[in-house]
Structure formats: structure tokens, C-alpha cells
Colleague: 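Take this structure, written in C-alpha cells, and hold onto it; I'll ask about it next.
Atoms within each ligand, like the ligands themselves, are counted from 1 in listed order. Just so it is clear, the model here is predicted, and its values are computed rather than measured.
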Amino acid sequence: MKVTIVGAGAVGASCAEYVAIKNFASEVVLLDIKEGYAEGKAMDLMQTATLNGFDTKISGSTNDYSKTANSDIAVITSGIPRKPGMTREELIGINAGIVKEVSSNLIKHSPNVTLIVVSNPMDTMTYLVHKTTGLPKNKIIGMGGALDSARFKYRLSEALECPPSDVDGMVIGGHSDTGMVPLTRLATRNSVPVKAFLSEERLNQVAEDTKVGGATLTKLLGTSAWYAPGAAVSGLVQAIACDQKKMFPCSALLDGEYGLNDLCIGVPAILGKDGLEKIVELQLDDAEKNKMKESAEGVKKTNGLLDV
Ligand code: NAI
């Protein structure tokens with residue numbers, strides 16, 4: 001199992017580290033446009049192999065895509081991250097060009113690859129890859145909901161004053177401050193609906209804190225976060241690599257599901273060896289359906305800025 005990660009920056013390197021530590025891939029190739037950067041990150045990570053007990057071989061490359069040949073899975077984390085006060089949508093100008101070029105280079109050397117798109121604005125970048133590469137739709141997956149759901153569960157565990165592992169929940173919709181739809185109605189603590197423990201007001205607060213989860217960290221860090229994004233991507237990579245049939249909310253190209261068409265947006269999906277193997281259609285209530293519709297309108301507006 002060969003995994004390529006393009007963009008050896010904060011999120012790319014964090015993803016490489018989690019993939020290696022989980023020890024399911026034979027090889028991880030980090031590629032970056034910055035001279036020597038990917039090679040340096042790869043060497044640094046390889047020097048943790050005996051400390052962390054993994055056998056995955058990590059190598060680096062400065063923009064030489066022949067090193068990525070025959071990758072099973074490739075992650076696209078190349079591009080600029082946001083600075084405090086910026087929205088993800090503001091990154092489109094620079095990142096669209098990068099994502100288009102990177103995805104085309106990857107496919108030239110790995111025609112059977114499954115692509116995981118991370119660069120922001122992620123739903124629009126995923127749509128761009130669908131529109132420009134010709135890969136089958138199950139082989140292009142956007143990562144956002146897995147991260148947003150992890151942030152949601154963290155916020156719920158804070159409100160419930162319980163360990164995060166007690167909590168289950170999911171965020172669907174667009175990966176943006178206004179587009180996320182945290183499904184508070186369906187969230188549980190050990191299978192008990194969380195609304196049995198928390199007031200509606202507290203749950204609304206949890207939902208709002210979740211939606212600005214990325215912006216809160218960007219303000220604190222001066223750039224966007226990387227540990228949870230890297231861990232979330234590694235979860236998707238593992239589900240595909242190990243054919244786990246695990247369900248994650250992912251940005252998927254919709255064709256009528258949830259009453260939506262011709263856009264990529266976060267919906268629950270089953271991931272396995274064939275990539276995004278199935279979209280799961282939840283029975284949403286009217287309020288959730290309206291939020292999803294508004295979220296889709298936001299994503300489509302950003303897609304309208306693309307030249308495709
Ligand atoms: P970073 O700046 O630390 O790393 C980006 C890397 O991409 C840099 O090393 C840069 O040299 C490289 N790069 C730029 N153009 C390239 C090209 N044409 N080919 C190869 N490499 C290239 O940024 P960070 O924090 O790792 O974020 C990366 C992207 O991921 C950003 O767009 C950010 O907004 C997004 N992101 C998405 C998340 C999600 O949930 N979907 C979560 C966190 C970040």
C-alpha cells in the first residue's frame with residue numbers, strides 16, 4: 001500500500017506521521033514544491049521510526065512525480081492555509097490552480113489512485129478535481145466532515161463533562177464556518193441522545209463553537225490547525241487502505257442524494273478499498289433539511305468562482 005501526500009506542510013506532515021504510526025502502509029511519499037522541504041520532513045519522520053515502532057518507509061521529493069508512481073491513495077494538502085480573520089473561501093484564487101495542477105500530475109503517474117482532497121475551500125476543490133480529472137466519482141473524496149465531527153464530539157464532551165470516547169456525533173454539510181450542519185438531534189452519549197443531558201441553549205452553543213472550530217484555532221495559532229486535520233485524513237486513508245467499510249462524513253459528488261445535484265458537500269459515506277463506496281442517506285428533519293439546503297447554496301456560490 002503506497003500513499004502519496006502532496007504538500008509536506010503542517011497538515012501533510014502530520015498526516016504522514018499518523019499514517020506511519022498506524023503502521024498499515026508500506027510506503028509514504030511526501031512531495032512538496034519547496035526545495036528540500038519534503039525530503040527534510042521525511043528524514044525527520046523516519047528518525048522517529050524506532051522510537052514510535054513503525055516500519056512504513058517515508059521518503060520525500062521536490063516536485064518529482066515519478067517518485068509517486070503507482071500510489072494507491074494520494075492526499076492533496078498543497079496550497080495556502082488561512083490566516084486569522086480569513087474565510088476558507090478566500091483561498092480559492094491560489095489554491096484552485098495548485099489543486100488542478102497537482103491532481104493532474106498525480107493521475108499521470110498513478111491512473112488508479114484514490115484522491116483525498118484537503119486543500120481549502122475543500123468542497124469546491126473536490127468539485128474542481130471531479131470536473132477536471134475524469135477519475136470515477138468513487139475515487140475522489142473531500143476531507144472536512146471527519147475533522148468537523150471530531151471537533152463536535154470534543155465540544156460535546158466538554159459540555160457533558162465526560163471523556164470524548166463516550167460521545168458519538170456527526171457534522172454534515174459544507175466545510176465552512178456557515179455551512180456546517182452539526183447533527184445535535186442524532187448525537188449520543190453511550191447511545192443516549194445528548195439532549196437528555198443538555199439544554200437546547202447549551203446544544204446550540206456546542207453547534208456554534210463547532211462551526212467556528214477552525215477559526216478559533218487559526219486565531220490562537222496564527223495559521224490553521226494541523227494535528228486534528230492530519231489525524232482525520234489518516235482515518236480516511238486507513239479506512240480505504242484496510243477496506244474497513246467505515247463511515248465518515250466526506251465531501252462527495254451528489255447526484256440527487258439529499259435532493260442535491262452537481263456539487264460536492266459533506267454527507268455520511270462508507271469508505272473501503274473502492275474509495276467512497278456508498279453515500280448514506282439519513283432521514284433529516286425539516287430544520288436539518290433547510291440547513292443542508294442553505295449550506296449547499298453557499299458551496300454552489302463558491303463553485304461559481306471556478307473557471308470550469
Ligand atoms: P502549509 O502552508 O503548512 O503547507 C502547504 C504546503 O503546500 C507547503 O509546504 C507548500 O510549499 C506546498 N505547496 C504549495 N504549492 C504546491 C504545489 N504546487 N505543489 C506541491 N506543494 C505545494 O499549509 P497547511 O496548514 O498544511 O494547510 C494546507 C491546506 O489544507 C490549506 O489549504 C488549508 O486551508 C487546508 N486545510 C484543510 C483542512 C480540512 O479540513 N479540509 C484542515 C486544515 C487545513
Colleague: Would you mind listing which atoms of ligand 1 come within a distance below 4.0 Å of any non-hydrogen atom of Val6?
Modeller: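 Ligand 1 atoms under the 4.0 Å threshold to Val6: 20 (C).
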Colleague: Would one find an N or O of Val11, backbone or side chain, under 3.5 Å from an N or O of ligand 1?
Modeller: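 It does: an N or O of Val11 is found under 3.5 Å from an N or O of ligand 1.
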Colleague: Does any N/O atom on Val118 come nearer than 3.5 Å to any N/O atom on ligand 1?
Modeller: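 There is such a contact, yes.
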Colleague: Determine whether more than 12 heavy atoms belonging to other residues, nucleotides or ligands lie under 6.0 Å from atom NZ of Lys153.
Modeller: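 Counting neighbours around NZ of Lys153, more than 12 heavy atoms of other residues, nucleotides or ligands fall under 6.0 Å, so yes.
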Colleague: How far is atom 28 (C) of ligand 1 from the closest protein heavy atom, and which atom is that?
Modeller: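 Among all protein heavy atoms, the one nearest atom 28 (C) of ligand 1 is Thr77 O, 3.1 Å.
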Colleague: Tell me if a side-chain donor or acceptor on Ser119 pairs with a main-chain N or O of Ser78 at a distance below 3.5 Å.
Modeller: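 Yes; judged by distance alone, with no hydrogens or angles, the pair exists.
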Colleague: What residue and atom, counting heavy atoms only, is the protein's closest point to atom 16 (C) of ligand 1, and at what distance?
Modeller: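 Protein heavy atom at minimum distance: Ile33 CG2, 3.7 Å.
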Colleague: Answer side chain, backbone, both or neither: which part of Ala10 comes under 4.0 Å from ligand 1, heavy atoms only.
Modeller: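 Both of them.
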Colleague: Is there a polar contact, in the sense of an N or O pair closer than 3.5 Å, between Ile80 and ligand 1?
Modeller: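 N/O-N/O distance below 3.5 Å exists for this pair.
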Colleague: Is it possible for you to say whether Ile5 and Ile73 belong to one hydrophobic cluster, with membership spreading through side-chain heavy-atom contacts below 4.5 Å?
Modeller: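 As far as the 4.5 Å side-chain criterion goes, Ile73 and Ile5 are connected within one cluster.
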Colleague: State whether the shortest distance between N or O atoms of Asp32 and N or O atoms of ligand 1 falls below 3.5 angstrom.
Modeller: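 The answer is yes, given that Asp32 and ligand 1 share an N or O pair closer than 3.5 Å.
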Colleague: Any nitrogen or oxygen of Gly7, main chain or side chain, under 3.5 Å from a nitrogen or oxygen of ligand 1?
Modeller: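 For ligand 1, there is no N or O atom that lies under 3.5 Å from one belonging to Gly7.
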Colleague: Around atom 15 (N) of ligand 1, find the nearest protein heavy atom and jot down its residue, atom name and distance.
Modeller: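 Among all protein heavy atoms, the one nearest atom 15 (N) of ligand 1 is Ile98 CD1, 3.6 Å.
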Colleague: Give, for atom CG of Asp64 and atom OG1 of Thr68, the distance between the pair rounded to the nearest 0.5 Å.
Modeller: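 Here the rounded value is 8.0 Å.
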Colleague: Less than 4.0 Å between a side-chain N and a carboxylate O, is that true for Glu208 and Lys211?
Modeller: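 Yes.
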Colleague: Nearest protein heavy atom to atom 2 (O) of ligand 1, by residue and atom, and its distance?
Modeller: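 Of the protein heavy atoms, Pro81 CD, 3.5 Å lies nearest.
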Colleague: Report yes or no: does Thr223 have a heavy atom closer than 4.0 Å to ligand 1?
Modeller: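 The answer is no, since Thr223 has no heavy atom less than 4.0 Å from ligand 1.
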Colleague: Quick check: does Asn95 get an N/O under 3.5 Å from an N/O on ligand 1?
Modeller: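 N/O-N/O distance under 3.5 Å: yes.
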Colleague: Hey, does Trp226 sit under 4.0 Å from ligand 1 if you only count heavy atoms?
Modeller: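 Per 4.0 Å heavy-atom rule, Trp226 does not contact ligand 1.
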Colleague: Would you call Lys245-Glu277 a salt bridge at under 4.0 Å N-O?
Modeller: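 Judged by the 4.0 Å cut-off on N to carboxylate O distance, Lys245 and Glu277 do form a salt bridge.
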Colleague: Write out the residue and atom name of the closest protein heavy atom to atom 40 (O) of ligand 1, then the distance separating them to 0.1 Å.
Modeller: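 I find the closest protein heavy atom is His175 NE2, 3.1 Å.
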Colleague: Could you identify the single nearest non-hydrogen protein atom to atom 34 (O) of ligand 1 and state the distance to 0.1 Å?
Modeller: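 For this ligand atom, the closest protein heavy atom is Asn120 ND2, 2.9 Å.
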